[in-house]
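Here's the structure, in structure tokens; my notes come after.
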Amino acid sequence: MEAKKAPKMIKKMFDLGELSTIDPETKYRYSLTAKCPVDGEYASVTRFEKTGHSLGRVIFKCEICSTEFEVPQSEIMVI
């Protein structure tokens, strides 16, 4: 599946403190991803911090170049 922008879904995930969510209709599990600033490949969540029950920070790590990075919530996608 191709990564896509889904601002409402991502905001809900952050509010609930979840790194993934299941689409109730299709039963597909969506996970957070972001493009690596070094090579443009999609990266997975490697670390996160919570503020109460919400996600505060999400750190991604590129599986190709091993770069760890953080992006604004507006640049996070789901896959």
Side-chain angles (χ1 to χ4, degrees):
M1 178 168 272
E2 187 76 23
K4 65 179 182 177
K5 294 263 183 178
K8 289 181 184 178
M9 182 186 299
I10 293 166
K11 181 177 180 345
K12 183 178 177 182
M13 292 167 72
F14 266 74
D15 290 346
L16 296 174
E18 299 175 352
L19 299 174
S20 65
T21 189
I22 297 175
D23 182 315
E25 292 180 20
T26 64
K27 306 299 184 217
Y28 183 83
R29 179 178 296 274
Y30 287 96
S31 299
L32 298 176
T33 188
K35 282 197 173 187
C36 175
V38 175
D39 60 20
E41 295 293 326
Y42 291 112
S44 301
V45 174
T46 189
R47 294 180 288 130
F48 63 94
E49 295 175 6
K50 286 191 171 186
T51 305
H53 292 292
S54 303
L55 289 175
R57 293 179 65 201
V58 178
I59 312 300
F60 297 90
K61 183 174 184 178
C62 180
E63 297 169 14
I64 305 300
C65 69
S66 298
T67 299
E68 285 192 349
F69 63 95
E70 185 175 3
V71 295
Q73 189 173 329
S74 61
E75 293 183 30
I76 296 175
M77 296 175 274
V78 291
I79 191 165

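The structure presented is a predicted model; accordingly, all values stated were derived computationally and were not measured.
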Could you check F48 against I59 for side-chain contact (heavy atoms from CB on, under 4.5 Å), going step by step and ending with a plain yes or no? CA-CA 6 Å; F48 63 94; I59 312 300; over 6 Å; no
Show me the donor-acceptor pairs within less than 3.5 Å that the side chains of residues 34-42 make with the rest of the protein, sequence neighbours left out.
{"residue": "D39", "atom": "OD1", "partner": "E41", "partner atom": "N", "Å": "3.0"}

Below 3.5 Å, can you tabulate the donor-acceptor pairs from side chains in residues 24-32 to any protein atom, sequence neighbours excluded?
{"residue": "T26", "atom": "OG1", "partner": "Y28", "partner atom": "N", "Å": "3.2"}
{"residue": "K27", "atom": "NZ", "partner": "P24", "partner atom": "O", "Å": "2.8"}
{"residue": "R29", "atom": "NH1", "partner": "S20", "partner atom": "OG", "Å": "2.9"}

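For D15, the salt bridge (Lys or Arg N to Asp or Glu O under 4.0 Å) test picks out K11, with sequence neighbours left out. For E68, the salt bridge (Lys or Arg N to Asp or Glu O under 4.0 Å) test picks out R47, with sequence neighbours left out. Here K12 pairs with L16 under the side chain to side chain contact (heavy atoms under 4.5 Å, CB included) rule; sequence neighbours left out. Considering only residues two or more places apart in sequence or on other chains, S44 meets the side-chain hydrogen bond (donor to acceptor under 3.5 Å, both in side chains) condition with E63. A search for ring pair (Phe, Tyr, Trp, His ring centres under 6.0 Å) contacts involving F69 returns F60, not counting sequence neighbours. Remark: E70 engages R57 in a salt bridge (Lys or Arg N to Asp or Glu O under 4.0 Å) (not counting sequence neighbours).
Cluster annotation: I79 and M9 are assigned to distinct hydrophobic clusters (Ile/Leu/Val/Met/Phe/Trp/Tyr, side-chain heavy-atom contacts under 4.5 Å, transitive).
In this structure, M13 and T21 approach most closely via the heavy-atom pair SD-CG2, 3.8 Å. Across K5 and P7, no two heavy atoms sit closer than the pair C-CD, 3.8 Å.
Contact of the L55 side chain with the L19 side chain is registered, since non-hydrogen atoms from C-beta on lie closer than 4.5 Å.
Side-chain atoms of T33 do not come within 3.5 Å of backbone N or O of M77 as any donor-acceptor pair.
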